[in-house]
Amino acid sequence: MSVKLFSRTPIATALFATLVLSGCSSDKDTRTELQKAEGVWNKTAYGAVLDIQDNKVSAYEYNTFGCIKVNQLSHEQANKEFIAELKSTDTTLSLREKGEIHAQTYTTNKTLPALCNTPINVTESASPNQVFEYFWHAFNDYYAFFELRGVDWSQQYVKFKPQISDDMTDEALFSTLAAMVAPLKDGHVNIWAKDANFYVGKDSPFMKAAVGIQGNFLRAGEQTSLDDVFNTMLGHYTEISKAYLQPDSMSQFPAQSDFPTLLWGKTADNVGVIVLNNLESFSDTDDATAEVQLTAAETLLDKVMAQLKDTDGLILDIRNNQGGHDAIALEVANYFADKTVLAVNKQAVTPAGMGVPVRYQVLKNDSAYTNPVYLLTSQMTVSAGEVLAMTLEQFDHIHTVGEPTSGALSDILTFTLPNGWEIGLSNEVYRNAQGKAFELTGIVPKHAQSAFSVHSFDEARFSSYDFALEQLNKHTHPTLAVDEFETALEQLQTKGNIPSIAVGVIHDGKVVYQNGFGIADESGTPVTADSRFYLASVSKTLLGATLAHAEGQGQIKLDKNIAPLLPFSIDNPTSDKPITVRHLITHSSGILDNNAVYLCSYYLRDNHISLMNLLAQNNNCPQVIDPDMPRFFENYLSAQGDYYFNENFSSQFGLTPGDASIYSNVGAALAGFVLEQDSQQSLPSLSQKTVFGPLNMHNTEWAIDKPQKPIVQRAGFSPQTGELFTLPDYGSVTYSDGNAVSSVKDLSQFLLASIHEGKIGDEQVLGQNAVKNMLSIQYEPAQTVLHHGYFWNIDQQFISHGGTDFGVRNKIFADLKRKNGFVLLTNADAFNENSEQTFTEIEALVRTFANGYEE
């Protein structure tokens with residue numbers, strides 16, 4: 001990252017190769033180096049000028065709009081505070097600032113740029129028009145990648161200039177400038193203001209998930225900062241990496257950090273792991289210079305590599321490397337250098353001219369680590385992290401795994417704006433030894449693997465780590481014999497006081513295990529694979545399958561405005577944007593679950609008495625619940641309705657349909673109702689014809705009325721006594737969001753067909769295109785934790801859905817790539833802490849069993 005001339009910057013300092021200069025000097029010349037260098041020196045393509053005159057050094061930044069003097073010092077001050085080395089000839093000047101590693105190169109200029117004779121005075125009161133013009137011209141003159149990134153900068157001027165007025169607020173100006181550069185999606189484009197900063201990089205699964213998790217808090221009416229979510233996720237990453245390591249081999253720096261610069265150790269199978277999260281923070285000294293950081297990195301890396309030298313192979317994880325100093329990146333690469341390579345060619349290439357070319361080499365290290373190394377990258381790997389990847393991929397024993405890197409390699413060139421804000425932009429092109437550039441595209445690994453998935457957090461494993469371990473013929477997923485699994489599950493069942501559990505397992509594309517545990521009712525009926533459970537929200541996978549087949553048969557259209565199909569209006573308080581079926585199946589309709597209303601839709605089947613009033617022992621809901629679903633929707637969604645509130649819509653957070661994916665039971669139930677309206681057929685009839693019948697799911701139905709065949713009784717813990725009791729049979733007005741009933745045997749058949757694109761064996765029992773569509777991403781709102789097919793959660797190659805209700809806790813999951821999966825049905829009480837925690841442990845056990853199943 002580039003430096004301000006003689007001034008501090010809010011970002012890490014960039015590294016420039018030292019140009020060795022030669023010149024003749026007389027032994028009698030007693031002038032100082034600054035006196036010898038008197039004159040004007042220009043850093044072409046960087047907008048930087050030094051004016052060295054009689055006991056005065058002035059530093060300027062300029063573009064074709066204006067010039068700003070960023071500093072002025074006496075020779076004595078400059079030598080004392082900033083200059084480490086200074087050499088000059090008649091045509092070039094090489095300057096290394098104190099604490100920096102490499103020098104910057106300037107060339108002689110006859111005079112100052114004309115605009116620098118009358119420099120702009122930096123003041124907070126600078127007019128927005130002046131700030132805008134300086135900002136636009138800085139990018140116009142020095143940004144290198146408009147064409148590559150598909151942005152017409154002239155058109156940005158035409159579009160945004162009319163929005164600028166001298167009476168606009170700082171907040172409005174900042175937002176306008178940010179909007180101008182946002183389309184670049186360049187992680188090295190920044191705006192720093194007094195109380196705000198802006199950058200936007202390449203979209204990545206990790207960042208989308210972070211934004212989505214932030215959005216998910218809105219479901220509960222809570223708001224949290226993206227920084228908090230992001231840092232929490234990075235902390236989870238660290239914990240999962242640690243889970244692969246033997247505790248006595250594991251170390252990190254800093255010792256107490258949740259997201260350390262460096263984490264290292266060995267697996268039980270003698271594979272080394274190094275997690276390298278940045279390339280700038282290796283010293284425990286506050287405000288350490290780049291020079292100090294490099295020395296600290298050398299010391300620490302010597303220790304790490306000595307500890308790991310005898311490992312059979314190495315995982316070098318830079319998936320979340322946030323960059324830093326190129327010199328440290330090259331220092332890391334040297335530990336693996338079994339030959340000398342040209343690491344980097346770089347040069348500023350801008351409309352204002354071409355900078356001095358720079359070359360970095362990594363020299364052969366006779367003590368290099370030469371066993372197989374698996375370098376893990378992601379779209380979060382940026383800047384100096386990409387320099388490391390670009391260098392390491394030249395060595396034959398380095399195998400790149402994961403996702404393409406960010407594609408933001410240029411050092412950040414910074415400028416001060418007339419109002420004192422600072423901006424950063426990319427002006428340098430980095431190329432490898434073969435002359436290939438990686439800006440925007442990033443470094444593409446040889447072995448594609450998902451670098452991030454929400455599933456990683458559930459399983460506490462990384463697919464890229466497991467790939468590397470498999471390549472090294474090492475242990476990945478633990479195996480459990482059937483008797484070990486069943487013993488462990490029964491122990492957990494007792495621990496959580498969960499009366500009924502049923503499990504189905506698919507491994508390597510086959511149903512390999514189905515069994516039940518416990519009793520299904522007060523009569524002591526044993527639970528089997530055929531026992532029928534209420535599914536709660538796992539029901540949505542069956543609704544999605546029905547919708548996908550109906551869409552394939554032309555009975556419903558995903559992008560059709562649903563309003564004309566409804567006998568009531570949807571009155572979003574602040575938006576008249578149409579809602580479509582696609583919005584409903586991806587939870588992006590803007591309809592939310594207002595639990596104060598939604599939970600009042602639960603009722604006892606025998607007499608329609610409110611379940612919530614019974615459980616909570618209050619009368620917050622109507623005593624008798626009207627089970628008519630259209631009337632419920634009208635009361636909930638129409639402005640004249642009895643249950644109509646702003647809290648029913650995401651518009652309360654400034655969001656419109658399609659803006660964010662926020663899980664909604666009411667929206668899902670509305671999708672089922674829309675299907676019935678559009679097809680003029682009932683949901684049970686459609687599901688039976690397209691899904692249940694073809695798959696011989698004889699124990700599966702939509703429980704609108706009291707089911708005729710026995711169902712596992714739902715159980716809960718009394719909040720008053722803490723005792724487990726049998727819940728009365730209840731239903732819900734919005735039945736299509738969670739009132740399906742099925743068995744492990746039936747759902748295993750459904751999951752197996754889903755894994756095999758609708759086939760059971762050689763027979764195509766479900767529509768192939770319908771299943772493909774059901775499990776393909778149907779919409780990508782800006783905020784999402786997981787992508788959605790037809791309600792299914794889609795997370796890389798993983799599909800899943802959970803289900804939670806009173807006396808119900810279920811999960812259905814599959815890894816489409818490995819063709820493994822499981823169905824887990826229980827009557828665990830999701831609102832009891834012990835039962836809920838135990839269910840999480842059971843789910844982890846079942847997942848382990850499914851992944852490592854052996855005959």
Side-chain angles (χ1 to χ4, degrees), residues 216-217 219-220 222 454 457-458 489 492-503 517-518 520 527 531-541 587 593-596 598-604 610-617 621 663-666 668-669 703 711-732 734-735 737-742 744 747 785-786 791 793 800-813 822-847:
N216 258 12
F217 280 90
R219 186 185 179 203
E222 301 175 18
V454 175
F457 291 168
D458 293 334
L489 189 145
L492 288 172
Q493 183 175 23
T494 301
K495 172 186 172 183
N497 201 0
I498 302 172
S500 312
I501 300 175
V503 177
F517 303 82
V527 177
S531 296
R532 287 156 39 95
F533 286 75
Y534 281 103
L535 300 187
S537 285
V538 170
S539 304
K540 294 180 178 70
T541 64
H587 298 292
D593 293 336
N594 179 356
N595 282 336
Y598 173 70
L599 293 177
C600 289
S601 69
Y602 287 80
Y603 58 88
L604 305 190
S610 166
L611 175 68
M612 281 306 299
N613 286 355
L614 179 68
L615 294 179
Q617 296 191 333
C621 298
Y663 192 90
S664 172
N665 288 298
V666 175
I711 302 176
V712 171
Q713 291 178 332
R714 293 171 283 196
F717 289 89
S718 167
Q720 287 76 34
T721 67
E723 297 295 320
L724 190 70
F725 72 100
T726 300
L727 287 164
D729 186 35
Y730 67 85
S732 172
T734 59
Y735 76 87
D737 69 325
N739 271 24
V741 172
S742 191
V744 151
L747 284 179
V785 182
L786 299 167
F791 295 112
N793 297 324
S800 66
H801 211 293
T804 301
D805 219 329
F806 302 103
V808 180
R809 192 73 168 87
N810 302 323
K811 186 67 174 283
I812 186 169
F813 169 87
F822 64 84
V823 178
L824 173 60
L825 304 180
T826 79
N827 62 352
D829 184 357
F831 303 98
N832 174 268
E833 185 175 349
N834 178 51
S835 181
E836 175 68 1
Q837 175 57 38
T838 304
F839 177 87
T840 302
E841 295 175 42
I842 291 172
E843 182 184 340
L845 176 68
V846 173
R847 181 180 285 107

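We use all heavy atoms of the structure for the numbers below, so side chains are in, but hydrogens, waters and symmetry mates are not. One is the number of the first residue; the rest follow in order along the sequence.
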Looking at every heavy atom in both [X] and [Y], which two are closest together, and how far apart are they?
X    : Y    : value
G716 : D829 : CA-OD2, 3.4 Å
L824 : E843 : CD2-CA, 3.9 Å
T541 : H801 : CG2-CB, 3.6 Å

Name all residues meeting the side-chain contact (heavy atoms from CB on, under 4.5 Å) criterion together with [X]; count only those two or more places apart in sequence or in a different chain, and write none if there are none.
X    : value
T804 : R809, A830
A740 : L535, S539, L542, W702
A669 : F633, T734, S736, D737
T838 : L492, K495, I498, N834, I842

Point-to-point distance, once rounded to the nearest 0.5 Å, from CG of L614 to SG of C621: 11.5 Å
Closer than 3.5 angstrom, by distance alone: can the side chain of [X] be matched with the main-chain N or O of [Y] as a donor-acceptor pair?
X    : Y    : answer
S835 : F831 : no
Q493 : F517 : yes
D593 : N665 : yes
N810 : G803 : no

Excluding sequence neighbours, so at least two apart, what forms side chain to side chain donor-acceptor pair (under 3.5 Å) with [X]?
X    : value
T726 : E522
E833 : none
S742 : T700
Q713 : none

Could you tell me which residues satisfy ring pair (Phe, Tyr, Trp, His ring centres under 6.0 Å) with [X], sequence neighbours excluded, listed by chain and number?
X    : result
F725 : none
Y534 : none
Y730 : Y602

Qualifying salt bridge (charged side-chain N to carboxylate O under 4.0 Å, His left out) pairs with a residue from residues 713-727, counting only residues at least two apart or across chains: R714-D729
Any side-chain donor near an acceptor of the partner, N739 and S732, under 3.5 Å: no
